[in-house]
Amino acid sequence: MLEKARAMQQQLTDWRREFHMHPELGFQEIRTAAKVAEILEQIGYRVRRGVGRTGVVAEFGNGKPVVAIRADMDALPLQESNQVPYASQNPGVMHACGHDSHMAMALGAAALLSRVKISGTVRFLFQPSEEVADDEGLSGAQRMIQDGVMDGVELVIALHVEPTTPSGAIRIESGPVSGGVDSWFGEIIGIGGHGAHPHQSIDPFYLTAHVILALNGIVSRRLDPFDPAVVSIGSLHGGFTENVIPERVKITGTLRYTEKRVQEQIHAEIRRAFEIARTLGGNYNLIFQIGTPPMINSPKASDFIESVAVDLLGRQNVLPWKNELGAEDFGCFMELATGAMFALGTGSERFQRQLHNPDFDLDESCLPVGAALLAETVLRFFRENKYQRHWNNIRKFI
Ligand SMILES: [Zn+2]
Ligand SMILES: [Zn+2]
C-alpha cells in the first residue's frame, strides 16, 4: 500500500491544496463536502450527503465486518500568514489543524481500497465541525452518531497530523491520548452598592476571590495526584466603574479529565467552590455544558495499527504518543466501537509549525504515509481472520 500511495503523491497533494485554498468553518463545510462526495462517487463509493448536518458518509464493499475511517473537514477562524500559491482564499478562515490533509489522506485510502478485493465493508466518515459545537452544544462527531453512522461498526480508526514529529514517522499509544472536556458558566451574586459603603453591600468581587482560590485547589488538593485533570478559568467579568460595587460577577472556564469518576468529582468540587459565595452571604448560578469524552485508544486497535505501521515504516518510525488533555471529538466514536487514533508526523527541517497557528503548514511527503497506513490497516483487519477470531474471543470476555 505504501508504494501505491507514494505513486499517488501528486493526487494527494492536489486534493490537500484544493481543500486548503477553500477552508470552511464547522457546520459550514458545503463546498468541501460537495467536493469530497464527488471524488468518492468517482472512485465507486456509495455516498450519502448531509449526514450529521454537513457530513458525508461513503461505503465500499459488502457485509461484515464494517470498518470505519474518520476524517474531519472543518477549518479554523484564523488569517493565514503563509505566502504560498495554495494559501487560503477565504479571508479569516484557515485549515490550521491539518483537516485538509486528513481529508486528502482518507480519500487516498478510499482510492487504494477501491482497487483491491476486500472481504467486508469500509465506511468513510467525513465529519463536520470537530473544533466547535453547534448551538445545542454538539460537535460534528456527535451529530454524525445521531444519524447512525456507527451502526454495525466493529473497528473505527483515524489519524491526526503531528507537526513536532518528522514526516515518515507516526505515534501510537493505547489508553487515554486526549482529555474529556466540559465547560462551566458561573455567576457570583452579591448586593451592589456605593464603593464607599462596602458594609451595606455584599461585594461579589470579594466572594469571587474566595471561589477562585477554591477552584484552583481542586486539582492540587482534592484530586488523586495520579488522576490527570485540569480546571481553568477562561473569563472573568464584572463591574462598570471604579466607585460602584456591582451586583454580580460572571466567571467561565473549562475542565479536563480522562476518567468518568474524575469528571464527576470535578463537577462536585466546582459546585462546592461556588457554595463559598453562599457561605459568605451571597449566591451563585452555575451551569455545566457537557462536551466530548476523552479519547481512549483500545489496546487491541492500537496494537494492531502499531504492528501494521512497524511493517510499513520500520520500528524506528513508530514512536510512543505522549498523552495530553487537549480535546478531540473522535473519542465519541470510540465509545461505540473498538478504535484508535494515531498521530502522523508532518514535520521536517522546513516545516516546524504548530497546529492552530497562522503559519501552520506541513511536509506533504507525509500524505502517502497516512493514506497507506489507513488503507493497510483496514485491509489487514479484513484479511487476518486469525486476528479477528482472536479479537472476537477477547470481546466475549469484556
Ligand atoms: Zn484543532
Ligand atoms: Zn484537529
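Counting convention: from 1, in listed order, for ligands and their atoms alike.
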Before accepting this row, confirm whether a basic side-chain N of the pair R70/D329 lies closer than 4.0 Å to the acidic partner's carboxylate O.
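Yes, this pair counts.
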List in chain and number order the residues that pass side chain to side chain donor-acceptor pair (under 3.5 Å) with E335, two or more places apart in sequence or in another chain; answer none if no residue qualifies.
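Side chain to side chain donor-acceptor pair (under 3.5 Å) list for E335, sorted by chain: empty.
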Would Q265 and D227 count as having a side-chain donor-acceptor pair, cut-off 3.5 Å?
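No, no side-chain donor-acceptor contact under 3.5 Å.
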Tell me yes or no: between the side chains of S129 and Q127, is some donor less than 3.5 Å from an acceptor?
no
Can you give the donor-acceptor pairs under 3.5 Å from side chains of residues 185-200 to other protein atoms, not counting sequence neighbours?
from : atom 1 : to   : atom 2 : distance (Å)
E187 : OE1    : R248 : NH1    : 3.2
E187 : OE1    : N285 : ND2    : 2.9
E187 : OE2    : R248 : NH1    : 3.4
H194 : ND1    : A196 : N      : 2.9

By ring pair (Phe, Tyr, Trp, His ring centres under 6.0 Å) - contacts of F342 (at least two apart)
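For F342 there are no ring pair (Phe, Tyr, Trp, His ring centres under 6.0 Å) partners, ignoring immediate neighbours.
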Would you list the protein N, O or S atoms within less than 2.8 Å of the Zn ion (ligand 2), leaving out water?
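Per the 2.8 Å query on the Zn ion (ligand 2), atoms found are C97 SG, H99 NE2, H160 NE2.
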